[in-house]
Amino acid sequence: MQRVYEFLKKAETYYLATVEGDQPRVRPFGTVNEFEGKLYIQTGKIKPVSHQIAANPKVEICAFCNGEWIRIACELVEDERIEAKKSMLDAYPNLREMYDENDGNTQVFYMKNATAIISSFTNAPITIQF
């Protein structure tokens with residue numbers, strides 16, 4: 001899991017894919033945080049992505065960095081605890097202009113049943129499950 005975290009941090013931007021009805025939806029994200037041994041991402045409850053995850057928590061994440069790419073298939077589980085939200089916002093203080101752990105909008109999810117595959121054109125794929 002640590003390797004997945006480090007890859008996403010180094011990439012800075014990753015793309016999160018969800019489903020809305022029968023239409024795939026993909027958008028850039030930039031938050032990833034390790035908290036209590038789990039990988040978390042963050043969004044706002046008012047955003048369509050939040051509603052898409054609520055309807056179908058199975059998502060995929062993809063990022064590219066230094067000639068390698070990662071694909072992560074997982075389920076996202078909401079963690080409503082203030083401590084989890086605070087940990088994320090402390091890791092990304094620039095988000096505090098828009099979010100607060102007590103605002104009723106900040107939402108964090110951890111990855112569950114995750115399979116990550118790191119690939120390149122020059123090395124065999126590496127599979128990581130967590």
Side-chain angles (χ1 to χ4, degrees):
M1 184 188 80
Q2 186 65 30
R3 184 156 183 193
V4 173
Y5 171 75
E6 290 169 4
F7 192 107
L8 293 175
K9 286 294 278 189
K10 189 188 302 184
E12 296 183 359
T13 301
Y14 59 88
Y15 298 87
L16 176 73
T18 58
V19 176
E20 185 176 59
D22 66 349
Q23 181 64 48
R25 301 288 183 195
V26 181
R27 83 280 295 147
F29 264 63
T31 55
V32 62
N33 191 42
E34 185 178 355
F35 179 70
E36 295 182 346
K38 297 176 182 169
L39 288 187
Y40 281 75
I41 67 168
Q42 182 272 333
T43 192
K45 288 184 179 183
I46 61 170
K47 294 183 176 182
V49 67
S50 173
H51 303 286
Q52 293 157 11
I53 294 167
N56 182 353
K58 292 183 179 180
V59 303
E60 289 211 3
I61 292 170
C62 185
F64 184 85
C65 187
N66 296 330
E68 294 183 316
W69 58 93
I70 191 168
R71 290 178 30 224
I72 307 164
C74 65
E75 297 173 50
L76 292 179
V77 178
E78 184 176 6
D79 187 337
E80 296 182 352
R81 295 177 301 154
I82 296 295
E83 297 85 0
K85 296 174 187 179
K86 183 178 183 323
S87 177
M88 177 66 77
L89 295 175
D90 287 349
Y92 292 90
N94 59 319
L95 290 178
R96 289 204 172 273
E97 296 174 15
M98 299 178 288
Y99 296 102
D100 182 86
E101 57 267 24
N102 297 299
D103 65 8
N105 180 43
T106 300
Q107 191 171 36
V108 294
F109 297 92
Y110 64 86
M111 298 179 198
K112 177 182 170 187
N113 299 326
T115 299
I117 301 172
I118 300 173
S119 302
S120 74
F121 290 118
T122 56
N123 296 313
I126 298 166
T127 301
I128 302 164
Q129 294 184 314
F130 58 96

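Residue numbers start at 1 and run along the sequence shown. Quick caveat, the model's predicted, so the values are computed rather than measured.
- Between Val49 and Phe29, the closest side-chain pair of non-hydrogen atoms falls below 4.5 Å.
- Side chains of Phe7 and Cys65 form a contact here, defined as non-hydrogen atoms less than 4.5 Å apart.
- Side-chain N or O atoms of Thr106 include none that pairs as donor or acceptor with a backbone N or O of Tyr99 at under 3.5 Å.
- Residue Glu97 places its CD atom among 12 or fewer non-hydrogen atoms of other residues, nucleotides or ligands, all under 6.0 Å distant.
- Rounded to the nearest 0.5 angstrom, Phe35 CZ and Lys86 NZ are separated by 10.0 Å.
- Within the 4.5 Å cutoff, the side chain of Leu16 has heavy atoms near those of the Ile41 side chain.
- In the hydrophobic clustering of ILVMFWY residues, with side-chain heavy atoms under 4.5 Å counting as a link, Val19 and Tyr14 come out apart.
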Please report the C-alpha distance between Gln42 and Asn33 in whole Å, then the side-chain angles of each, then the deciding distance to 0.1 Å, and finally whether the side-chain contact (heavy atoms from CB on, under 4.5 Å) criterion is met. CA-CA 9 Å; Gln42 182 272 333; Asn33 191 42; over 6 Å; no
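- Not a single donor-acceptor pair under 3.5 Å links the side chain of Asp90 to the backbone N or O of Ser87.
- Counting only distance, with no hydrogens or angles, the side chain of Arg71 and the backbone of Trp69 share no donor-acceptor pair below 3.5 Å.
- A donor-acceptor distance shorter than 3.5 angstrom exists from the side chain of Tyr92 to the backbone of Val32, with no hydrogens or angles considered.
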Start with the C-alpha gap between Gln107 and Thr43, add the side-chain angles, then the distance that decides, and say whether side chain to side chain donor-acceptor pair (under 3.5 Å) holds. CA-CA 5 Å; Gln107 191 171 36; Thr43 192; 5.7 Å; no
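- The side-chain heavy atoms of Val26 and Glu60, taken from C-beta on, include no pair separated by under 4.5 Å.
- Within the 4.5 Å cutoff, side-chain heavy atoms of Thr115 are placed close to those of Thr127.
- In this structure, the side chain of Tyr110 does not engage the main chain of Glu34 through any donor-acceptor pair within 3.5 Å.
- Note that NZ of Lys85 is 8.0 Å distant from CG of Asn102, once rounded to the nearest 0.5 Å.
- Atom CD of Glu6 sits in a crowded spot, with more than 12 heavy atoms from other residues, nucleotides or ligands closer than 6.0 Å.
- Annotation: salt bridge (Lys or Arg N to Asp or Glu O under 4.0 Å) contacts of Glu101 (sequence neighbours excluded): Arg96.
- Side-chain contact between Lys112 and Leu76: absent, with no pair of heavy atoms (C-beta onward) separated by less than 4.5 Å.
- The distance from the CZ atom of Phe109 to the CD atom of Glu80 is 9.5 Å, given to the nearest 0.5 Å.
- Here the shortest heavy-atom pairing between Pro125 and Ser119 reads CB-OG, 4.0 Å.
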Run Ile61 and Tyr15 through side-chain contact (heavy atoms from CB on, under 4.5 Å) and show every step you take. CA-CA 5 Å; Ile61 292 170; Tyr15 298 87; over 6 Å; no
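- A 4.5 Å side-chain heavy-atom check between Ile70 and Phe64 finds every atom pair outside the cut-off.
- Using a distance-only test at 3.5 Å, with no hydrogens or angles considered, a donor-acceptor pair links the side chain of Asn105 to the main chain of Ile46.
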Give the C-alpha distance, both sets of side-chain angles, the deciding distance and a yes or no for salt bridge (charged side-chain N to carboxylate O under 4.0 Å, His left out) between Glu20 and Arg25. CA-CA 7 Å; Glu20 185 176 59; Arg25 301 288 183 195; 2.9 Å; yes
The test is salt bridge (charged side-chain N to carboxylate O under 4.0 Å, His left out); show your working for Glu78 and Lys45 and say whether it passes. CA-CA 11 Å; Glu78 184 176 6; Lys45 288 184 179 183; 3.8 Å; yes
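- Taking CZ of Arg3 as the reference point, atom CG of Leu8 lies at 12.0 Å (rounded to 0.5 Å).
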Should Ile126 and Ile117 be marked as a side-chain contact (heavy atoms from CB on, under 4.5 Å) after you check the CA-CA gap, both sets of side-chain angles, and the distance that decides it? CA-CA 5 Å; Ile126 298 166; Ile117 301 172; over 6 Å; no
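- In this structure, Ile53 CD1 and Lys47 NZ are separated by 10.5 Å, a value rounded to the nearest 0.5 Å.
- Taking every heavy atom of both residues into account, Met1 and Ile128 meet most closely at N-CG2, 3.9 Å.
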Mind running side-chain contact (heavy atoms from CB on, under 4.5 Å) on Glu36 and Arg81 for me, showing each step along the way? CA-CA 12 Å; Glu36 295 182 346; Arg81 295 177 301 154; 2.8 Å; yes
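- Taking OG1 from Thr18 and CD from Gln52, the interatomic distance works out to 3.5 Å, rounded to the nearest 0.5 Å.
- Proximity of Phe130 to Val4: side-chain heavy atoms (C-beta onward) are separated by under 4.5 Å at one or more points.
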